[in-house]
**Q** 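This is the structure, below, for whatever I ask next.
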Amino acid sequence: MSFLVFVVNFTPNRMQEDRKTPEMRAQMTDIERLRHSTAHVLATAILKIWPEAQFAAGPPVDNGFYYDVDLPHRISPEDFEKIEAEMKKEIKENHPFERMEVSRDEALDLGKKGRLAALSDREQPSKFKLEIIENIPPGETISLYRNGDFIDLCAGPHVMRTGNIGAFKLTTVASAYYKGDEKNPQLQRVYGTAFKTKKELDDYFGMLEEAKKRDHRKLGKELEIFVLDDDVGPGLPMWLPRGAAIIEELEKLAKETEFAAGYVRVRTPHIARESLYKKSGHLPYYADSMFPPMELKYDPAEEHQAAGLEATIGKKMEQIKAFENIFTGLGMEEAAKDHRESLQRLEENKRELATLNSKRNEILSRSRYYLKAMNCPHHHKLFAAVPRSYRDLPLRFAEYGTCYRYEQSGELFGLMRVRSMQMNDAHLYMTPEQFETEFNAVNEMYLKYFKLFGIGKYLMRFSTHDPTKLGQKFVDESELWKQTEEMTRNVLKSSGINYVEVPNEAAFYGPKIDVQAWSVIGREFSIATNQVDFAQPRRFDLRYKDRDNVDKIPLCIHRAPLGTHERFIGFLIEHYAGNFPLWLSPEQVRILTIGDEPQLLDYSRAILDELRSHQVRAEIDASTDKINGKIQRAEQMKVHTMFVIGKRDMEANAVSVRVHGKGNLGAKSSDEVIVDILSSIKERRA
RNA sequence: GCCGACGUAGCUCAGCUGGUAGAGCAGCUGAUUCGUAAUCAGCAGGUCACGGGUUCGAAUCCCGUCGUCGGCUCCA
């Protein structure tokens, strides 16, 4: 497990993208400094091969560094050898990294001459570097770094000499939008990594190899947990029996936990009319993430009505046009005088038209159905279905809801990013006074789960809104945003939970907390979420009657401590490397018989039946393979416990126990072993 | 969605610069009766992702589509 450490970095990416002050840069660790210097050497090498290359940014990142370059030649991994050879030369020459401080004008002058991020003056200016200079605040020192002929605009810091770079390797080339904005052109991003010694570099790649063995896509296939089939569709995983078994266990866990915490379970359909998502406010903010709607045929009455409206609207449009033509011919002021009556009628028509249009839209909207991308609107309808009193609150609706999101094709990734998912969802409705207790209880639920699964490295991200994006990305309720964010921040502070605040990442309906964890592959994922919603209860006109006999709007929390089955199990596969604890193990016990004598088989089957009668997922391998072969196959499938049963065991009323990863534990009384197994499952032992 | 790479039997992979497919494992059949990580033999498995094109001839070269992967953007 120790090799997990290298991927863990508690700084969220988004914050790294912010401009670093010179003070922050000075805090660069030794390894970051080394990698940053290697990025300069990379640029030097690329320029030796392609002098026209234009460089943008070249920072150190979690496991290495990159440099963004604009170059007509498409750099491919086949070019790496050539580039690395140039880099080695540069390192061998052992140039010092010299820092030079220049005035803004000197910097601009060099940039215009194409001398920044270059080996010499060039015809084309260093366009990206010039832009960076523009963005350096007035008071700040502008510095250049030189190694050999290469001069770059750079705040540093660097290692002393290129020769200090002990070992490096280019890893991949990908594209990246300039400044991370989709609207900007794409640059080529060359990635590499560097270490002080060759051994550290080799160890790093060794660790990557180890990590690959845990990849949930690889293990998921080998262990027969899930499949993705092209005919079913991209991002639509199907669960094989072994995967479904894990799902069953997670649901059991969630249902027990939620029941004990006072939740009640509800069930809702997978689709809903467009009108529901108009009401919830999802359509303007979320439509891109939803599958396109299904259009149903109107029923004849509605169709007739719609056709009628269409005709009426057409007529009105013509009338208005005719009036407008007249008025523009005469000039409005005169028209108003002469045709006051007509003008009034025009206004009337306009109003009528608006009404008719909205009626027609409503009819159309009622014939359009969406696959649900979230469960909240359905749950809100359930809240509204029955008159609620303050005595009913908090009310906690839980459902393992099935949702469909139309994720962009490039986002799909094994089980971690899919288009169909089942969420450990619940919506909690409460009075403002109950908020703190409820919110805390949800956070505690996560922590309890994480302890159970042995998830030690995680980060709570508190996402808030960006006031400049009210009405676009976030509902336009400035005051309520402030209030709920303040409320949430206070709860977090007083509970003492560690968290980082991430601006501009809230849900459209309110601030949220995501719990981020790292897969062994080095990717970060939100696996759990806890979101405040002040917007939807208003939109759905949810109310409860308070003590003072006044209708009030409840506050809502959306929460999913176990996230979705897809992502959570993807995460668990990598977390456990497929070696699930007994309670989660898809196949908990496999009985391996030595030989196939009828008496022995009877004895073995009786034990199988006993296990199954206690809901233990048990199988028997009564094939004619040799015992070593049976063991090999069971071990490969990572079956948790094996009962090896031969004549000797049968005569002693025993089984020989073998546990995956632990080997042969010797013969034990079968009754005792079963009791042990049952208690391990019941207690969900690690 | 964007840029790039890749796509050969259920799985893991061979298949040179074009001459119309091969191994191991898994599967099936039979033999083997074996005490803690593979008993032996035989059989069967492929429209080389899909659709066009170049060519006497395409798994191999070109174009397009789909999918997967590495990133970017986005997210549970």
Side-chain angles (χ1 to χ4, degrees), chain A residues 61 66 68 74-78 171-191 215 217-218 221-222 224 227-231 233-235 286 288-289 373-374 403 405-419 421-425 463 505 507 512 514-517 521 523-531 558-568 570-571 592-597 600 623-636 642-649 656-661 663-667:
Chain A
V61 288
Y66 66 77
D68 281 346
R74 291 247 153 256
I75 297 175
S76 87
E78 283 160 25
T171 48
T172 55
V173 55
S175 87
Y177 296 107
Y178 179 51
K179 290 187 169 173
D181 191 331
E182 250 183 305
K183 289 172 208 91
N184 286 338
Q186 294 196 326
L187 305 175
Q188 304 188 61
R189 179 169 291 182
V190 183
Y191 282 90
D215 191 320
R217 293 165 298 184
K218 181 176 153 69
K221 195 179 269 178
E222 286 170 2
E224 294 175 16
V227 285
L228 287 158
D229 184 283
D230 195 21
D231 276 328
Y286 215 84
D288 284 350
S289 298
M374 64 298 295
C403 297
R405 295 185 185 172
Y406 191 74
E407 302 290 352
Q408 299 182 82
S409 60
E411 307 306 333
L412 301 176
F413 175 71
L415 281 181
M416 300 297 202
R417 197 70 185 277
V418 293
R419 284 180 175 164
M421 69 209 85
Q422 217 169 350
M423 230 189 283
N424 171 222
D425 213 355
S463 303
E505 299 235 330
K512 65 173 181 177
D514 285 314
V515 186
Q516 183 179 305
I521 311 301
R523 290 186 175 236
E524 48 186 56
F525 289 102
S526 294
I527 50 174
T529 183
N530 187 7
Q531 316 183 345
H558 307 230
R559 43 109 279 174
L562 296 176
T564 62
H565 281 324
E566 286 71 17
R567 185 172 287 179
F568 200 75
F571 181 85
L592 313 175
T593 59
I594 302 176
D596 57 358
E597 280 157 26
L600 189 76
S623 68
T624 59
D625 287 300
K626 298 242 154 89
I627 187 62
N628 278 328
K630 295 185 187 188
I631 288 170
Q632 166 90 8
R633 275 215 305 274
E635 290 282 358
Q636 275 171 347
M642 288 149 272
F643 286 178
V644 176
I645 301 180
K647 217 169 169 188
R648 229 157 57 201
D649 303 289
S656 291
V657 180
R658 183 186 170 97
V659 172
H660 175 64
N664 186 4
L665 304 183

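In what follows, chains carry the letters A, B, and so on, assigned in the order in which the sequence lines appear, proteins first and then strands, with residues in each chain numbered from 1. Heavy atoms only: backbone and side chains are in, while hydrogens, waters and symmetry mates are out.
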**Q** Applying the Watson-Crick and G-U wobble criteria at under 3.5 Å, what pairs with rG4(B)? Answer none if nothing qualifies.
**A**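 Partner of rG4(B): rC69(B).
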**Q** When the C1' atoms of rG46(B) and rA21(B) are compared, how many Å lie between them, rounded to an integer?
**A**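 Between the two C1' atoms, the distance is 8 Å.
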**Q** For the side chain of D625(A), starting at C-beta, report the closest nucleotide among rU39(B), rC66(B), rU36(B).
**A**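 Nearest nucleotide to the side chain: rU39(B).
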**Q** I'd like to compare against my own output: the B/S/- annotation of nucleotides 2-12 of chain B with a strict under-4.0 Å heavy-atom distance to protein.
**A** BBS------SS
**Q** Any idea which of rA76(B), rG35(B), rC74(B) is nearest the Q408(A) side chain?
**A**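 Of all the options, the side chain of Q408(A) is nearest to rC74(B).
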**Q** So if I take every side-chain heavy atom of M421(A) and compare against rA37(B), rA76(B), rU33(B), which nucleotide ends up nearest?
**A**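 From the listed options, rA76(B) comes nearest.
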**Q** Whole Å only: how far is the CZ atom of R417(A) from the P atom of rC75(B)?
**A**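 Interatomic distance, CZ of R417(A) to P of rC75(B): 8 Å.
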**Q** Using a cut-off of strictly less than 4.0 Å, decide whether R217(A) has a side-chain nitrogen or oxygen near OP1 or OP2 of rC69(B).
**A**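 Checking rC69(B) against R217(A), a side-chain N or O does come within under 4.0 Å of OP1 or OP2.
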**Q** Just name whichever nucleotide pairs with rG22(B), Watson-Crick or G-U, keeping both distances under 3.5 Å, else none.
**A**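 Across any shown strand, rG22(B) pairs with rC13(B).
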**Q** Let's test this: given Watson-Crick or G-U wobble pairing with both distances under 3.5 Å, identify the partner of rC61(B).
**A**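 Answer to the pairing question: rG53(B), which forms a Watson-Crick or G-U pair with rC61(B).
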**Q** Of the nucleotides rG1(B), rG70(B), rU33(B), which one has an atom closest to the side chain of T172(A)?
**A**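 Selected nucleotide (nearest to the side chain): rG70(B).
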**Q** Under a 3.5 Å limit for both distances, which nucleotide forms a Watson-Crick or G-U wobble pair with rU32(B), could you say?
**A**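 Check on rU32(B): unpaired, no WC or wobble geometry under 3.5 Å.
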**Q** For the C1' atoms, the ones on rC40(B) and on rA59(B), what distance do you get once it is rounded to whole angstrom?
**A**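 So the two C1' atoms sit 35 Å from each other.
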**Q** Provide, to the nearest angstrom, the distance between the CG atom belonging to D229(A) and the P atom belonging to rU68(B).
**A**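 Computing the D229(A):CG to rU68(B):P distance gives 11 Å.
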**Q** Kindly point out which of rA76(B), rC72(B), rA37(B) is positioned nearest to the side chain of N628(A)?
**A**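 Between rA76(B), rC72(B), rA37(B), the one nearest the side chain of N628(A) would be rA37(B).
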**Q** Consider the side chain of Q636(A), meaning its heavy atoms from C-beta on, and name the nucleotide among rU32(B), rA38(B), rC75(B) that approaches it most closely.
**A**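 For Q636(A), the side-chain atoms sit closest to rA38(B).
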**Q** rA76(B), OP1 or OP2 - any side-chain N/O from R419(A) closer than 4.0 Å?
**A**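 For R419(A), the contact criterion (side-chain N or O under 4.0 Å from OP1 or OP2 of rA76(B)) is not met.
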**Q** Looking at the base of rC25(B), is there any donor atom on it, or on the side chain of R633(A), that sits under 3.5 Å from an acceptor on the other one?
**A**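 Checked by distance alone, the answer is no.
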**Q** What interatomic distance, in whole Å, is found between P of rA23(B) and the corresponding atom of rU17(B)?
**A**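 Nearest-Å result for rU17(B) against rA23(B) at atom P: 22 Å.
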**Q** What's the gap between rC48(B) and rU60(B) when it is taken at their P atoms, as a whole Å value?
**A**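 Straight-line distance between the two P atoms is 9 Å.
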**Q** List for me each residue that meets salt bridge (charged side-chain N to carboxylate O under 4.0 Å, His left out) alongside R559(A), sequence neighbours excluded, and say none if there are none.
**A**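 Result, salt bridge (charged side-chain N to carboxylate O under 4.0 Å, His left out) vs R559(A): E258(A).
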**Q** By nearest atom, which of the nucleotides rG35(B), rG67(B), rA37(B) is closest to the P234(A) side chain?
**A**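 Nucleotide nearest to P234(A)'s side chain: rG67(B).
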**Q** With syn defined as a glycosidic angle within 90° of 0 and anti as everything else, classify rG45(B).
**A**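 In terms of base orientation relative to the sugar, rG45(B) is syn.
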**Q** So if I take every side-chain heavy atom of K647(A) and compare against rC75(B), rG35(B), rU36(B), which nucleotide ends up nearest?
**A**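 It is rG35(B).
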**Q** Is a donor on one side and an acceptor on the other found under 3.5 Å between the side chain of E566(A) and the backbone of Q422(A)?
**A**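 Judged by distance alone, yes, a pair lies under 3.5 Å.
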**Q** For the base of rA76(B), is there a side-chain donor-acceptor partner from T564(A) under 3.5 Å away?
**A**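 Such a pair is found, so the answer is yes.
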